[in-house]
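Here is the structure we will look at.
The chain is numbered in sequence order, starting from 1.
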Amino acid sequence: QVQLVESGGGLVQAGGSLRLSCAASGRILSSYAMGWFRQAPGKEREFVAAISWTGDNTYYADSVKGRFTISRDNAKNTMLLQMNSLSPEDTAVYYCAARRSGYYTGSYYYTDYAYKGQGTQVTVSS
């Protein structure tokens with residue numbers, strides 16, 4: 001079993017930056033592909049970024065490409081999401097997720113992830 005806890009959310013002005021962290025316990029993260037998703041009020045949950053278990057392969061939603069960077073530190077059992085040039089459209093609850101062991105790459109689909117965190121709120125003011 002993997003437990004995931006997100007942190008680093010908060011209130012930031014447009015154009016600012018935040019770095020989200022996803023800390024895992026219960027298992028070593030190095031064998032799990034992982035991803036970030038977000039859900040804005042009144043909208044469906046959407047894919048943000050994903051990373052393979054080695055960190056060699058990363059994928060981004062078009063809306064965040066060039067502004068967000070996903071990374072992982074397997075030694076610290078942590079995944080990160082660096083968010084730059086934030087806009088009010090990025091306001092959402094951000095969730096981290098991990099696939100079951102054995103999947104090398106992440107996925108665009110939230111249902112493909114076996115383990116999910118509780119989310120952290122990101123609010124970008126204009």
Side-chain angles (χ1 to χ4, degrees):
Q1 191 73 9
V2 177
Q3 292 82 42
L4 303 174
V5 178
E6 303 93 339
S7 62
L11 174 63
V12 64
Q13 288 188 333
S17 299
L18 281 175
R19 187 174 75 167
L20 304 184
S21 295
C22 175
S25 61
R27 287 289 187 272
I28 297 174
L29 271 186
S30 58
S31 59
Y32 293 82
M34 300 188 70
W36 287 98
F37 292 79
R38 67 185 182 186
Q39 187 166 19
K43 295 187 178 181
E44 294 187 355
R45 189 167 289 152
E46 64 175 0
F47 169 78
V48 175
I51 189 167
S52 61
W53 77 40
T54 60
D56 292 339
N57 296 90
T58 57
Y59 313 88
Y60 296 93
D62 288 343
S63 59
V64 307
K65 202 171 294 183
R67 300 188 298 122
F68 290 13
T69 302
I70 188 172
S71 62
R72 63 191 303 158
D73 185 340
N74 287 338
K76 295 182 179 179
N77 236 24
T78 300
M79 177 177 66
L80 303 173
L81 184 68
Q82 178 66 43
M83 306 186 295
N84 298 328
S85 302
L86 286 162
S87 72
E89 289 70 35
D90 295 314
T91 295
V93 178
Y94 284 71
Y95 300 89
C96 71
R99 301 194 73 178
R100 292 194 185 278
S101 178
Y103 290 96
Y104 175 70
T105 60
S107 170
Y108 296 100
Y109 303 103
Y110 194 64
T111 52
D112 284 345
Y113 292 80
Y115 310 105
K116 292 123 178 180
Q118 294 300 307
T120 185
Q121 176 70 47
V122 171
T123 303
V124 185
S125 63
S126 58

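When all heavy atoms are compared, the tightest approach of M79 to S71 is CG-O, 3.3 Å. In terms of heavy-atom proximity, A49 sits nearest to Y60 at CB-CD2, 3.7 Å. When all heavy atoms of A50 and G106 are compared, the closest pair comes out as CB-CA, 3.9 Å. Listed here is the closest heavy atom pair of P88 and S126: CG-CB, 3.8 Å. Smallest separation of non-hydrogen atoms from A92 and Q121: O-NE2, 3.5 Å. Considering every non-hydrogen atom in both W36 and L80, the closest pair reads NE1-O, 3.5 Å.
F37 and L81 fall into different hydrophobic clusters, where Ile, Leu, Val, Met, Phe, Trp and Tyr side chains are chained together by heavy-atom contacts under 4.5 Å. Neither V64 nor V93 shares a network with the other; the hydrophobic side chains, linked directly or stepwise wherever heavy atoms of I, L, V, M, F, W or Y lie under 4.5 Å apart, form separate groups for each.
Checked by atom type and distance alone, the side chain of N74 never pairs as donor or acceptor with a backbone atom of S31 at under 3.5 Å. Here the side chain of R99 pairs no donor or acceptor atom with the backbone of S52 at under 3.5 angstrom. Side chain of R67 to main chain of S85: a donor-acceptor pair is present (N/O by atom type, distance under 3.5 Å, no hydrogens or angles). With E6 contributing its side chain and Q118 its backbone, the two residues share a donor-acceptor pair below 3.5 Å.
Using bins of under 30°, 30° to 60° and over 60° for the plane-to-plane angle, the ring pair Y59/Y108 lands in the perpendicular bin.
Inter-residue side-chain proximity for L4 and M34 is flagged as met; some heavy-atom pair is nearer than 4.5 Å. By the 4.5 Å heavy-atom criterion applied to side chains, S21 and K76 are not counted as neighbours. Using a 4.5 Å heavy-atom threshold, the side chains of R72 and W53 count as touching. By the 4.5 Å heavy-atom criterion applied to side chains, D90 and M83 are not counted as neighbours. Residues L86 and F68 meet the side-chain proximity criterion, which asks for heavy atoms closer than 4.5 Å. Residues D56 and Y104 form a side-chain contact, since some pair of their non-hydrogen atoms from C-beta on lies under 4.5 Å apart. At least one side-chain heavy atom of K116 sits less than 4.5 Å from a side-chain heavy atom of Y110.
Listed by chain and number, the residues in a salt bridge (Lys or Arg N to Asp or Glu O under 4.0 Å) with E89 amount to none (sequence neighbours excluded). In this view, Y32 satisfies the ring-ring contact (aromatic ring centres under 6.0 Å, His included) rule with no residue, not counting sequence neighbours. With sequence neighbours left out, the side-chain hydrogen bond (donor to acceptor under 3.5 Å, both in side chains) criterion links R100 to no other residue. The side-chain hydrogen bond (donor to acceptor under 3.5 Å, both in side chains) check on Y113 picks up nothing, with sequence neighbours excluded.
Y103 belongs to no hydrophobic cluster with other residues, because no ILVMFWY side-chain heavy atom falls under 4.5 Å from its own, directly or through intermediates.
Atom CD1 of I70 is separated from atom CG of L20 by 10.5 Å, given to the nearest 0.5 angstrom. Interatomic distance, CZ of F47 versus CZ of R38, reported as 11.0 Å (0.5 Å rounding). Taken from CD1 in I51 to SG in C96, the straight-line distance is 12.5 Å, to the nearest 0.5 Å.
The environment of K43 atom NZ is sparse: at most 12 non-hydrogen atoms of other residues, nucleotides or ligands sit within 6.0 angstrom.
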Solution key, residues 9-19 side-chain donor-acceptor pairs under 3.5 Å, sequence neighbours excluded:
from : atom 1 : to  : atom 2 : distance (Å)
S17  : OG     : N84 : OD1    : 2.9

